[in-house]
Trainee: 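Starting off with a structure, shown below.
Per chain, numbering begins at 1; letters A, B, ... match sequence-line order. If you're wondering where the values come from, they're calculated on a predicted model, not measured in any experiment.
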Amino acid sequence: MDNERKTLDDRNKMPELERLRHSCAHVLATAIAKLWPDAQFAAGPPVENGFYYDVEVSHRISPEDFPKIEEEMKRVVKANQTFEKVVVPRAQALEDAQKGRLAALGERAVPSKFKLDIVQNIPESEPISYFKNGDFIDLCAGPHVMRTGNIGAFKLTQVASAYYKGDERNPQLQRIYGTAFKNRTEMDAYFAMLEEAKRRDHRKIGQEMGLFALDSEYVGPGLPLWLPKGTAMVEELEKLAKETEFAAGYVRVKTPHIAKEKMYLTSGHLPILYKDSMFPPMTLFSESGSDDAIGDRYYLKAMNCPHHHRIFAAEPRSYRDLPLRLAEYGTCYRYEQSGELIGLMRVRSLNMNDAHIYCSEEQFAAEFNAVNEMYLKYFKIFGIEKYIMRFSTHDPSRLSGDNAKFVNEPELWKKTEDLARRVLVESKINFVEVPNEAAFYGPKIDVQVWSVIGREFTLATNQVDFAVPARFGLKYHDKDNLDKTPLCIHRAPLGTHERFIGFLIEHYAGNFPLWLAPEQVRVLTIGEDEKLVEYANSIVRELRGHFVRAEADLSSNKINGKIQEAEKARVHTMLVIGGRDLEAGNVSVRLHGKGSIGAKPKGEVVADILQAIRERRP
RNA sequence: GCCAGUUUAGCUCAGUGGUAGAGCAACGGUUUUGUAAACCGUAGGUCGUCGGUUCGACCCCGACAACUGGCUCCA
């Protein structure tokens, strides 16, 4: 994404706030150059909520250095230096870079190496420009604000490491992040918003509500334990998926969590493509003592598709069997890098809302479209509105050779990409097309969403596979009496339980609709009168008889205390009962976050609860 | 995996080179209640793990682990 060059036209359209932030990145660089003159700068663009500058410097910059750097930056802002643009001939840019003059306060003994590299990569057709503020000269296409004094408020936020040009073969640079605003008020509002977002963080709410636990000491990092309340949500989602898939003509299957190495050598996930993300194999016999190592090694599955392919292969198939839609909430294990694990959003054991649709080419468009429709149906139920569909296609230059990334089937790539694109266009779904991001076996459509912290995630996926069925030799007998290889659609509209629930926790801030709420109803008694206790218990019994997750709080707490506890636990519906209600056969209804809505006959309330759950009322 | 930071009671957090504290939760008792916290008491921690420095380490140093924020990667 970043390696796509912005055109000069794009740059001229850069919004004021981005200009300001980019200008602030220059001010940051000015300060760092003053404090550590050996600093070598790479890129310093504006980003979503601020800016960063990548720098290579012998000093390890830590947040403790921020006050010192900020002080220097304030001096530059206060000096109100003009950002002066100078267009220079290419030869001069190369010469200045050699003299270490770029992104620096003066000439240096060593070249400005990253700037030099950047100059060399600027197309001949583009002019080369500097921006100067005071003595600091940086290679930059701009645009900037007029003067450093236009930067009203700024703050350095974090330091991270980043590879030059995002490539892990390149040197690691220190990336200093900051944010900047027109004025102090807007910056304060931004930090207040961040605090609010932290309160919604699924890790925090998950712990408060007792949904899941991460026991990295005994179970392992990234291997969540679903607590009873979280399991209730997991099962509601599975129920939704099973009903939806049943209605859409899917059939359910069950497969083991492990398979022999041969499975993944055949699928193509081993030896290269998935090796790093699979847990190491279980070896049943010592390799030295066995002539048949392949048969002896088992892997935890990182995906369900190969097992499903073997189910397809388990019986002879006719064109009459197609489309065959095999669904399973399969548990997969992926050895994600330790630094990548994030609460439920990125884990090492995952339950995927998986299914594989085997179909003919003629059936493909309708099936693919039906999957997209299913996504939209789900998103409507959850009120998910902020997402984009990302259509990932292949890069023809990577079909073969050392950096091959995609199966070498140019015609099939073109055919399926055209088909998928047409489905997207015809169904008027908004999407962005991203080259070079496809799965190795075919193009895919991912649904991208954002966590409260602003991190982007793939929530759901819909992938075309025209390669792996052939590797497994999957065939169906067609009308014309010929054996043909089916196309396969891999789809997971509800993603994985882990990520989907992680997302839903933040989406709802823990205030789930009744059908999904871990504790749907709590009956709160006023007093401990024996008849009242029996009334409470009878209500709970009745609700639980209809599979409603209901509890009673019969403790000796005062009613205000019970309400406080239930509200904090985010219980969806509270039924308060006292002597008055007992006599009238009523319950006083209070909804989480909405307060009391008054007393109603018990039967009416129970019926409404059941109805709301049945229709999955938002 | 890489860079930086963090790790004290179940949770949220104080704290000092001389072997630790608060609030909430838990438990026990008292209270008997009308829509966001009744009162009193008890218990709970080899201060992430392992090494080192020191007369003495929760505090200083090192290694490791986990977590947090990024990078690369991905459902």
Trainee: Is the ring pair H490(A)/H356(A) parallel, tilted or perpendicular, if the boundaries are 30 and 60 degrees?
Mentor: perpendicular
Trainee: Select base, sugar-phosphate, or nothing to describe what G561(A) touches, counting heavy atoms under 4.0 Å on all strands.
Mentor: sugar-phosphate
Trainee: Distance check needed: A66(B) P versus L341(A) CG, whole Å only.
Mentor: 9 Å
Trainee: In whole angstrom, what separates W450(A)'s CH2 from C74(B)'s C1'?
Mentor: 16 Å
Trainee: Which of parallel (below 30°), tilted (30 to 60°) and perpendicular (above 60°) describes H394(A) and F406(A)?
Mentor: perpendicular
Trainee: So which protein N/O to nucleotides 28-31 of chain B N/O distances come out below 3.5 Å?
Mentor:
from, atom 1, to, atom 2, distance (Å)
U31(B), O4, S556(A), OG, 3.2

Trainee: Measuring from the side chain of S216(A) (C-beta onward, heavy atoms only), which nucleotide among U33(B), C67(B), A37(B) has the closest atom?
Mentor: C67(B)
Trainee: With a 4.5 Å limit on heavy-atom distance, are the side chains of V57(A) and D38(A) in contact?
Mentor: yes
Trainee: What nucleic acid atoms does L459(A) come within less than 4.0 Å of, heavy atoms only: base, sugar-phosphate, or nothing?
Mentor: sugar-phosphate
Trainee: Side chain of Q564(A) only, please: which of G34(B), A37(B), G70(B) is the nearest?
Mentor: A37(B)
Trainee: Considering only C11(B), C74(B), A36(B), which nucleotide approaches the side chain of Q207(A) most closely?
Mentor: C11(B)
Trainee: Output the rounded distance in Å from CD1 (I176(A)) to C1' (G5(B)).
Mentor: 13 Å
Trainee: Would you indicate which nucleotide in C73(B), A4(B), G70(B) comes nearest to any side-chain atom of E336(A)?
Mentor: C73(B)
Trainee: So if I take every side-chain heavy atom of K568(A) and compare against A36(B), C74(B), U35(B), which nucleotide ends up nearest?
Mentor: A36(B)
Trainee: Quickly work out the R203(A) CZ to C11(B) P distance and round it to whole Å.
Mentor: 16 Å
Trainee: Rounded to whole angstroms, how far apart are CG on L223(A) and P on C67(B)?
Mentor: 10 Å
